[in-house]
2 protein chains.
Amino acid sequence: MKLNQTAYVLLGMLSIEDNQSGYDLRKAVQQSVGYFWGESYGQIYPTLKRMVADGLIVPANTAKGAKLRRQEYSLTEAGRDCLRQWLALPFQNDPPRNEFLLKLFFGREASPAVSIEHIQELNRRNKAMLITLEGIERYAQTNPSPSPHLPYWMLTLSLGLALTRAALDWGAAALVTLEDAMTGSGTPLTTATESPEVKPG
Amino acid sequence: MKLNQTAYVLLGMLSIEDNQSGYDLRKAVQQSVGYFWGESYGQIYPTLKRMVADGLIVPANTAKGAKLRRQEYSLTEAGRDCLRQWLALPFQNDPPRNEFLLKLFFGREASPAVSIEHIQELNRRNKAMLITLEGIERYAQTNPSPSPHLPYWMLTLSLGLALTRAALDWGAAALVTLEDAMTGSGTPLTTATESPEVKPG
DNA sequence: CGTGGCATGTAAACGGTTACATGATTTA
DNA sequence: TAAATCATGTAACCGTTTACATGCCACG
């Protein structure tokens with residue numbers, strides 16, 4: 001019984017809240033771990049079937065209502081055990097692929113304006129991300145929840161905040177570097193014959 | 001002619017240094033962009049064939065030596081154009097999948113010791129990464145290269161450094177939080193009723 | 001009555017990794 | 001001569017995304 005990562009996310013989500021449908025789980029993933037994890041229906045539904053076959057979850061009929069044709073699931077003991085075992089395993093470094101950094105690395109082949117635009121776009125995305133994360137942080141602080149999950153959630157949140165802020169700081173400095181080099185007197189970036197100095201600090 | 005990302009990496013690498021074989025390119029990728037990009041032979045060799053068929057690169061015989069049976073390639077004008085067009089396109093946010101954060105998010109289901117161990121492991125990996133990146137930085141500063149690529153390379157390097165340092169700072173603080181909560185008097189982590197404060201600055 | 005959200009699912013295609021197979025050359 | 005590295009390639013497999021298909025329900 002070898003599972004894919006999707007299965008573990010679903011187990012985790014069901015460990016937080018039971019009796020969720022595939023649709024619910026997709027939303028839950030998006031709204032909670034969405035900024036560092038994604039799942040698609042094409043992955044979720046087949047995986048749920050498989051997890052039922054493996055005895056990790058059981059179909060559970062909606063107690064109240066049951067208006068729509070929807071299938072909810074809940075964890076079995078085996079499912080909870082499986083989740084715990086997976087949690088204790090060392091985490092894998094996801095195969096790192098950062099298209100932004102790749103384009104920046106090859107930036108010399110294009111006009112400096114291209115790299116500048118990419119950095120500005122990165123800054124825009126990071127600013128939006130920061131606003132989102134700060135909103136969550138504010139919400140958590142003003143609506144103190146007694147959930148035992150909260151400390152862990154706040155830790156993931158604070159890493160997100162720290163990385164986003166660090167990237168924004170870098171972005172501001174990088175723009176200055178590139179724009180200086182672009183408008184600089186003797187050493188335009190694309191035909192540099194001397195190595196421009198990267199100032200430490 | 002729709003290309004995969006691998007093709008663009010290879011174009012970029014050949015734009016930096018011409019006449020490289022599949023083997024060379026793999027090494028070049030590992031040694032330069034390895035900390036944010038990976039490529040395997042199973043991807044590189046078929047892609048090279050395709051790029052030849054598409055006229056983006058041409059097989060070039062080794063001028064000097066040619067001892068080993070190896071096939072080198074060099075960029076065509078079409079290949080260079082193709083690279084430039086791609087560079088100017090907006091970058092995609094890679095589907096973000098961070099298994100470390102996922103396990104931390106579900107941490108409540110395991111013992112706090114499990115999450116602590118994960119953070120310690122993350123810190124170990126980040127420390128190693130920091131040493132590597134700082135080594136590259138030191139090398140670049142003591143061996144000033146006149147390469148016009150250098151400013152771009154240094155930018156990618158400095159982002160790597162900034163993110164790694166931010167993650168290490170977070171890791172130290174997170175350990176304190178978790179260990180405090182673990183040994184704390186009234187509010188063990190698994191039944192926390194107060195949200196731990198995330199100190200700004 | 002139409003739109004948008006709820007809800008489930010499948011099929012095709014893709015991109016990528018892994019394992020395997022082969023053999024030459026260099027270095028110890 | 002053994003081991004490490006150079007060097008190329010293929011086949012199987014996996015996980016994932018995307019597009020497509022279907023249809024119900026609530027609300028305006």
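Numbers restart at 1 for each chain; the letters A, B, ... are given by sequence-line order, proteins then strands. The analysis underlying the following values was restricted to heavy atoms, covering all of them including side chains, and did not include hydrogens, waters or symmetry mates.
- Under the ring-ring contact (aromatic ring centres under 6.0 Å, His included) criterion, Phe105(A) pairs with Trp153(B), sequence neighbours left out.
- In this structure, Arg125(B) satisfies the cation-pi test against Phe91(A), with its NZ or CZ atom closer than 6.0 Å to the six-membered ring centre and inside 45 degrees of the ring normal.
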Can you list, pair by pair, the side-chain donor-acceptor contacts under 3.5 Å of residues 79-88 of chain B, counting residues two or more places apart and other chains?
{"residue": "Arg80(B)", "atom": "NH1", "partner": "Glu109(A)", "partner atom": "OE1", "Å": "3.1"}
{"residue": "Arg80(B)", "atom": "NH1", "partner": "Glu109(A)", "partner atom": "OE2", "Å": "2.9"}
{"residue": "Arg84(B)", "atom": "NE", "partner": "Glu109(A)", "partner atom": "O", "Å": "3.0"}
{"residue": "Arg84(B)", "atom": "NE", "partner": "Glu109(A)", "partner atom": "OE2", "Å": "3.2"}
{"residue": "Arg84(B)", "atom": "NH2", "partner": "Glu109(A)", "partner atom": "OE2", "Å": "2.9"}

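- The distance from atom CE of Met51(B) to atom C1' of dG15(C) is 16 Å, rounded to the nearest whole Å.
- A donor-acceptor contact shorter than 3.5 Å is absent between the side chain of Ser21(B) and the backbone of Arg70(B).
- In this structure, the CD atom of Glu39(A) is 17 Å from the C1' atom of dT8(C), given to the nearest Å.
- At the phosphate of dG16(C), neither OP1 nor OP2 sits under 4.0 Å from any side-chain N or O atom of Ser40(B).
- Distance CD1 (Ile44(B)) to P (dA7(D)): 13 Å, rounded to an integer number of Å.
- Partners of Thr132(B) according to the side chain to side chain contact (heavy atoms under 4.5 Å, CB included) rule, which considers only residues two or more places apart in sequence or in another chain, are Ile136(B).
- Distance alone, capped at 3.5 Å, places no donor-acceptor pair between the Thr164(B) side chain and the Asn126(B) backbone.
- For residues 15-36 of chain B, proximity to DNA chain D is found at Ser21(B), Gly22(B), Tyr23(B), Asp24(B), defined as any non-hydrogen atom under 4.0 angstrom from a strand atom.
- Residue pairs that meet the side chain to side chain donor-acceptor pair (under 3.5 Å) test with at least one member in residues 41-50 of chain A, sequence neighbours left out, are Thr6(A)-Gln43(A).
- For the pair Asp18(B) (side chain) and Leu75(B) (backbone), a donor-acceptor distance under 3.5 Å is present.
- Distance, Leu48(A) CG to dA7(C) P: 14 Å, rounded to whole Å.
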Would you tabulate the nitrogen or oxygen pairs shorter than 3.5 Å linking the protein to nucleotides 9-15 of chain D?
{"residue": "dG9(D)", "atom": "OP1", "partner": "Lys49(B)", "partner atom": "NZ", "Å": "2.9"}

